[in-house]
Amino acid sequence: MASANWNRRTLLAGAAMTLLAACTGKTGEQTKSGATGKTYTVGWTIYAGWMPWPYALQTGIVKKWADKYGITINLIQINDYVESLNQFTAGKLDAVTSTNMDALTLPAAGGVDTTALIVGDYSNGNDGVLLKGRKSLAEIKGLPVNLVQGSVSQYFLARALESVGLKQSDVKLVNTSDADAVAAWPTGDVKAMATWNPMLREIDAMPDANLVFDSSKIPGEILDMMVASTERLKENPDFGKALVGIWYEVLELMQGTSPAAIAARTAMASLSGTDLPGYDAQLATTYMYYKPADAVAYVNSPAAVTASDRVRKFSFAEGLFGQGATSVDAIGITFPNGVVQGDANNIKLRFDPSYMAMAAAGTL
């Protein structure tokens, strides 16, 4: 993401960085595992569906899987989601947390061959449209709408407007940083906003705020993933295996009401700057693919292809492929069922569930 316009997931940097520093000894960075193999750097940013990553670091699960494959994984928090994708695009990160749309419009559009290694969740209410003093989405017509332009929030707003027969031209988009969203809401100029959790929950609790549309109405379209450099995975598939192993070990641990599960989610809540009820509330609007087989099934489904087609068409129409792109087909996207969207000679985004399938089969 080249500017704040691209920010997708909010960062509660202050409290989280302090806690993470206490866990690692260095802000956001894993202590060297002592492995003799290659070192890989993985970036993450704070969002409910991505908190298993710092928890894995805190508890030694990252080191466990890195040691298993004889590599070192430096897991680092990037204090800006924009910057994390910039660093991945520049080759400074070997993998990074990203949404499906941002993986397409940043590294893929920037010429980096990118693999969607883990499809972790989809937003199932974590994104919403709020109106001030109005209770029907149709009343948004003619209003200014504050949001992070060029991000998934803009895509989400477009889908919301479609549901009531409106277009983006029926509203006025006002670019607003995610960091400013909560403070901006009470001001007189703000009449409507499209945003995501935890800002969404905080604003919705304010007077005159009405949530009129949320992402549960478009399930499976806003995906939260771990993407990796295709080149790095080809060089060493064990890098991908380690990441997938880390992910599903934590997901298995955090489910349910056992003391271990509650402890895990409590730690994740603290790392993201909230408490257990607050974090559980965010998880309730996040459809986590807790079982790798379920994520594999989704990536292999027609729904995944349809969602990708919507996202790529929107992205091209909004100019998010860059000035050099003359067609929606400029960037090639592949799926495991043989479907290719766009230019087959310029594949830059690959949905590859093979590593998740290993997790499902217990062969990691």
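Note that the structure is predicted; figures quoted are calculated from it, not measured.
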Taking side chain as C-beta onward, heavy atoms only, is Ile140 less than 4.5 Å from Leu157?
yes
Between Tyr122 and Leu223, which heavy-atom pair has the shortest distance, and what is it?
CB-CD2, 3.8 Å
Hey, are the side chains of Tyr81 and Ser98 touching, using non-hydrogen atoms and a 4.5 Å cut-off?
yes
Which heavy atom of Gly278 sits nearest a heavy atom of Thr274, and at what distance?
CA-OG1, 3.7 Å
Please examine the side chains of Arg134 and Asn210, heavy atoms only from C-beta on, and report whether any two atoms are closer than 4.5 Å.
no
So does Ala48 get a backbone contact from the side chain of Tyr279, meaning a donor-acceptor N/O pair under 3.5 Å?
yes
Between Asp343 and Lys348, does at least one N-O distance fall below 4.0 Å, as a salt bridge requires?
no
Return yes when atom NZ of Lys68 has more than 12 non-hydrogen atoms of other residues, nucleotides or ligands closer than 6.0 Å, and no otherwise.
yes
Glu231/Lys234 ion pair, N-O < 4.0 Å
no
Does Phe239 reach the side chain of Val42, with side-chain heavy atoms less than 4.5 Å apart?
yes
So, Lys217 side chain and Ala160 main chain: donor-acceptor pair closer than 3.5 Å or not?
no
Sidechain-backbone polar pair: Gln149 side chain, Asn175 backbone, donor-acceptor under 3.5 Å
yes
So do Met101 and Leu104 actually touch side chain to side chain, heavy atoms under 4.5 Å?
no
Treating Ser177 as the side-chain partner and Ala179 as the backbone partner, does any N or O pair qualify as donor plus acceptor under 3.5 Å?
yes
Any salt bridge (charged side-chain N to carboxylate O under 4.0 Å, His left out) pairs touching residues 40-54, not counting sequence neighbours?
none
Would you confirm whether Thr114, through its side chain, and Val112, through its main-chain N or O, come within 3.5 Å as a donor-acceptor pair?
yes
Give a yes or no on whether the backbone of Tyr289 and the side-chain of Asp294 come within a donor-acceptor separation of less than 3.5 Å.
no
Should Arg201 and Asp204 count as an ion pair when the cut-off is N to O under 4.0 Å?
no
What pair of heavy atoms forms the shortest contact from Gly49 to Trp247, and how long is it?
O-CH2, 3.1 Å
Kindly give the heavy-atom pair with the smallest separation between Val305 and Val339, and that separation in Å.
CG1-CG1, 3.9 Å
Short question: side chain of Asp94, backbone of Thr41 - any donor-acceptor pair under 3.5 Å?
yes
Between the side chain of Thr230 and the main-chain N/O of Asp113, is any donor-acceptor distance below 3.5 Å?
yes
What is the minimum heavy-atom distance between Gln255 and Ala261, and which atoms define it?
O-CB, 3.0 Å
Give a yes or no on whether the backbone of Ala181 and the side-chain of Asn146 come within a donor-acceptor separation of less than 3.5 Å.
no
Joint hydrophobic cluster, Tyr287 plus Tyr290, side-chain heavy atoms closer than 4.5 Å
yes
Ser308 (side chain) donor-acceptor with Ala304 (main chain) under 3.5 angstrom:
no
Selection residues 213-233 - residue pairs positive for ring pair (Phe, Tyr, Trp, His ring centres under 6.0 Å), sequence neighbours left out
Phe156-Phe213
Pair listing, salt bridge (charged side-chain N to carboxylate O under 4.0 Å, His left out) test, anchored in residues 243-272, at least two apart:
Lys64-Glu249, Arg265-Asp280
Begin from the C-alpha positions of Asp189 and Thr187 and carry the test side chain to side chain donor-acceptor pair (under 3.5 Å) through to its verdict.
CA-CA 6 Å; Asp189 292 340; Thr187 64; 5.7 Å; no
Are the side chains of Leu211 and Leu200 in contact, using a 4.5 Å heavy-atom criterion?
yes
Are any of the side-chain heavy atoms of Trp53 and Met226 separated by less than 4.5 Å?
yes
Is it true that the side chains of Asn126 and Asn197 contain a donor and an acceptor less than 3.5 Å apart?
yes
For Ala116 and Val227, which heavy atoms make the closest approach, and how far apart are they?
CA-CG1, 4.1 Å
Any side-chain donor paired with an acceptor under 3.5 Å for Asn236 and Tyr69?
no
Using a 4.5 Å cut-off on heavy atoms from C-beta on, say whether the side chain of Asp170 contacts that of Leu161.
no
Does Leu143 share a hydrophobic cluster with Val174, counting links as ILVMFWY side-chain heavy atoms below 4.5 Å and allowing steps through other members?
no
